2 protein chains.
Amino acid sequence: MPSTRPAPARTKLLDAALNLIREKGFSATSVDELCQAAGVTKGAFFHHFESKEALGAAAANHWSEVTGAMFAAADYHHEADPLARVLGYIELRKSLLEGEPAEFTCVAGTMVQEQFGASEDIRTACRDSIFGHAATLEADISAALAAYGLSPDWTAKSLALHSQAVLQGAFILAKASSDREVARDMVDHLSRYVRSLFHRPPAQEA
Amino acid sequence: MPSTRPAPARTKLLDAALNLIREKGFSATSVDELCQAAGVTKGAFFHHFESKEALGAAAANHWSEVTGAMFAAADYHHEADPLARVLGYIELRKSLLEGEPAEFTCVAGTMVQEQFGASEDIRTACRDSIFGHAATLEADISAALAAYGLSPDWTAKSLALHSQAVLQGAFILAKASSDREVARDMVDHLSRYVRSLFHRPPAQEA
DNA sequence: TTGAACATACCAACTGGTTGGTATGTTGTC
DNA sequence: GACAACATACCAACCAGTTGGTATGTTCAA
């Protein structure tokens with residue numbers, strides 16, 4: 001049987017990074033803190049990552065994998081109607097707005113905000129995380145356009161990105177106000193917008 | 001005659017902070033860098049601000065004043081139709097997306113993203129900046145609702161905040177992709193959404 | 001009107017602690 | 001016994017913040 005081996009230092013560091021970066025940002029998180037949170041020494045850190053910057057880029061990729069697996073396993077994919085899948089995705093994102101900002105916030109968005117000018121590796125890793133995730137949504141939007149026979153003056157890609165923009169902006173407002181309800185309202189507006197684009201009734205407000 | 005007196009150190013430091021925070025984030029900007037950019041010594045810094053954190057909060061307030069004056073003087077206020085004022089505001093925000101991210105990005109959004117958990121003073125100053133700005137938009141939205149005889153299931157305040165969320169999210173996508181056109185597309189979606197809420201035709205796409 | 005008392009604005013040099021990073025082990029496994 | 005995976009000990013650079021000081025007002029009583 002596959003007995004649970006102790007998590008290797010590299011994974012422990014990446015998991016710790018996901019939490020610490022969302023709590024305090026990348027710059028304000030020191031290598032020592034990372035090591036302490038991961039229960040690992042500095043030697044282990046620099047054995048697995050050639051620099052703090054390299055860990056940042058790796059953490060963004062790790063974030064893509066963790067969240068990618070989570071969204072891939074979500075229920076909304078089972079909806080037959082592609083628009084229902086899109087709206088289901090949005091409702092899932094809303095339901096995820098629980099607990100503290102550091103728990104529901106996006107690592108890639110947080111990190112790229114402060115590191116976009118300092119590290120090209122981190123920037124591209126965060127870009128791939130955000131835009132890659134948007135691409136999974138773009139497919140359902142395209143299918144919905146086909147199913148509803150629409151050819152609007154906006155692209156599926158731009159609407160997928162817009163949804164990410166709303167979410168990222170909602171995170172900022174939640175952090176600023178210490179109130180996740182604000183973020184939920186923003187997601188409601190997004191849902192309303194998508195329904196209007198497909199000429200769907202306002203439906204039930206949650 | 002009111003000859004132009006040399007800018008005092010405090011103002012020079014705040015102006016420098018506005019640029020440096022947007023370029024590199026708050027944590028990664030050192031007090032020494034701030035002083036060098038402002039052409040001022042460290043003694044002057046700590047004469048005017050009791051800590052780096054205090055400068056951060058002051059910078060957010062300075063940002064509110066600078067941008068508040070700019071938006072207060074904008075043309076869109078002269079529109080008779082309140083909805084035209086809202087849409088004019090959105091178009092203005094789109095036209096502001098020029099140059100490098102550090103030039104069109106929001107200081108408050110950038111700073112609160114990394115400092116919300118570290119400094120309550122900075123967090124509230126950024127919150128006041130963002131939510132205070134949204135309040136100026138909320139008045140026009142309320143007037144538009146009255147003018148068009150609408151009583152929707154969303155509030156003027158939440159739509160004003162939604163517009164800020166879209167803009168903040170657009171900034172993040174622009175930073176991640178190094179492409180401000182992405183941000184412009186997000187603002188187009190916002191404009192389309194607002195028009196749909198007021199049952200206005202798609203109108204011309206810019 | 002003057003000058004002592006005080007306040008403001010600023011400066012150069014310094015400090016103790018923290019930073020990312022390195023050099024050199026030790027350990028367990030194939 | 002060789003190599004990856006760690007640990008320990010350390011360092012130079014940098015960090016926010018402090019020090020003791022100067023130059024330039026401003027206030028107000030004699």
Side-chain angles (χ1 to χ4, degrees), chain A residues 2-21 23-60 62 111 114-115 117-123 125, chain B residues 2-21 23-60 62 111 114-115 117-123 125:
Chain A
S3 70
T4 54
R5 284 190 299 175
R10 187 187 147 89
T11 303
K12 287 195 288 185
L13 281 165
L14 288 174
D15 287 338
L18 261 32
N19 292 323
L20 281 172
I21 289 169
E23 269 171 38
K24 351 197 325 165
F26 180 76
S27 296
T29 300
S30 72
V31 174
D32 284 321
E33 272 176 306
L34 248 359
C35 293
Q36 196 172 6
V40 148
T41 62
K42 225 166 178 178
F45 183 102
F46 285 100
H47 173 73
H48 290 287
F49 306 101
E50 72 170 8
S51 65
K52 186 190 174 187
E53 178 184 348
L55 167 112
H62 186 54
M111 193 157 40
E114 45 167 334
Q115 295 299 314
S119 166
E120 193 68 2
D121 286 355
I122 290 179
R123 205 210 90 226
Chain B
S3 69
T4 54
R5 285 190 297 174
R10 189 187 145 89
T11 303
K12 286 194 290 184
L13 280 165
L14 288 174
D15 287 338
L18 261 33
N19 292 323
L20 280 173
I21 289 169
E23 270 171 37
K24 352 197 327 165
F26 180 75
S27 296
T29 300
S30 72
V31 173
D32 283 320
E33 272 176 306
L34 249 358
C35 293
Q36 196 172 7
V40 147
T41 62
K42 222 163 178 179
F45 184 103
F46 285 100
H47 171 73
H48 291 287
F49 307 101
E50 73 169 8
S51 65
K52 187 190 174 187
E53 177 184 349
L55 166 111
H62 186 54
M111 193 157 40
E114 44 168 333
Q115 295 299 313
S119 166
E120 193 67 4
D121 286 355
I122 290 180
R123 204 210 90 225

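Here is the naming used below: chain letters follow the sequence lines, and residue numbers restart at 1 for every chain. A quick note: this is a predicted structure, and the numbers were derived from the prediction, not measured.
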### Message
For a quick test of reading the model: is some side-chain N or O of A/His47 closer than 4.0 Å to OP1 or OP2 of D/dA4?
### Response
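No, outside the criterion.
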
#### Entry: OP1 or OP2 of D/dA5 under 4.0 Å from side-chain N/O of A/His48
no

Starting from [atom2] on [N], measure out to [atom1] on [X] and report it in whole angstrom.
X	N	atom1	atom2	value
B/Glu50	D/dT19	CD	P	14 Å
B/Leu34	D/dC14	CG	C1'	15 Å
A/Glu33	C/dT19	CD	C1'	11 Å
B/Asp32	C/dC14	CG	P	15 Å
B/Gln36	D/dC15	CD	P	11 Å
A/Leu55	C/dT19	CG	P	15 Å
A/Phe45	C/dT22	CZ	P	12 Å

### Message
At 4.0 Å (heavy atoms only), tell me whether B/Thr41 reaches a base, stays on the sugar-phosphate, or touches nothing.
### Response
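If one applies the 4.0 Å heavy-atom cut-off, B/Thr41 turns out to touch a base.
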
### Task
Would you indicate what A/Ser27 reaches in the nucleic acid, counting non-hydrogen atoms under 4.0 angstrom: base, sugar-phosphate, or nothing?
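Here A/Ser27 touches no strand at all.
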
### Message
To the nearest 10°, give me the bend of the helix from C/dT1-D/dA30 to C/dC30-D/dG1, comparing the axes of its five terminal pairs at either end.
### Response
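Inter-axis angle at the termini of the helix from C/dT1-D/dA30 to C/dC30-D/dG1: 10°.
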
### Task
Report the nucleotide, chosen from D/dG17, D/dC15, C/dG20, that has the shortest atom-to-atom distance to any side-chain atom of A/Phe46.
C/dG20

### Task
State which of D/dA7, D/dG17, C/dT19 makes the closest approach to the side chain of A/Ala44.
D/dA7

### Message
For D/dG17, does the base pair up with any side-chain atom of B/Lys52 as donor and acceptor (N or O, under 3.5 Å, distance only)?
### Response
no

### Query
Does the D/dA7 base have a donor-acceptor partner in the side chain of A/Lys42 within less than 3.5 Å?
no

### Task
Start with the C-alpha gap between A/His62 and A/Asp15, add the side-chain angles, then the distance that decides, and say whether side chain to side chain contact (heavy atoms under 4.5 Å, CB included) holds.
CA-CA 8 Å; A/His62 186 54; A/Asp15 287 338; 2.7 Å; yes

Review item, side-chain donor-acceptor pairs of residues 23-30 of chain A, under 3.5 Å, at least two apart:
from: A/Lys24; atom 1: NZ; to: A/Glu33; atom 2: OE1; distance (Å): 3.3
from: A/Lys24; atom 1: NZ; to: A/Glu33; atom 2: OE2; distance (Å): 2.5
from: A/Ser27; atom 1: OG; to: A/Glu114; atom 2: OE1; distance (Å): 3.2
from: A/Ser27; atom 1: OG; to: A/Gln115; atom 2: NE2; distance (Å): 2.9
from: A/Thr29; atom 1: OG1; to: A/Gly25; atom 2: O; distance (Å): 2.6
from: A/Ser30; atom 1: OG; to: A/Glu33; atom 2: N; distance (Å): 3.1
from: A/Ser30; atom 1: OG; to: A/Glu33; atom 2: OE1; distance (Å): 3.4

To the nearest 0.5 Å, tell me how far [X] [atom1] sits from [Y] [atom2].
X	Y	atom1	atom2	value
A/Leu13	A/His47	CG	NE2	11.5 Å
B/Lys52	B/Ser119	NZ	OG	11.0 Å
B/Asn19	B/Leu14	CG	CG	11.5 Å

### Query
On DNA chain C, nearest-nucleotide positions of A/Gly43 versus A/Ser30: which is more 5'?
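The residue whose closest nucleotide sits nearer the 5' end is A/Ser30.
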
#### Entry: Qualifying residues under ring-ring contact (aromatic ring centres under 6.0 Å, His included), relative to A/Phe49, sequence neighbours excluded
A/Phe45

### Summary
Residues A/Cys35 and A/Lys42: closest non-hydrogen pair is SG-CA, 3.8 Å

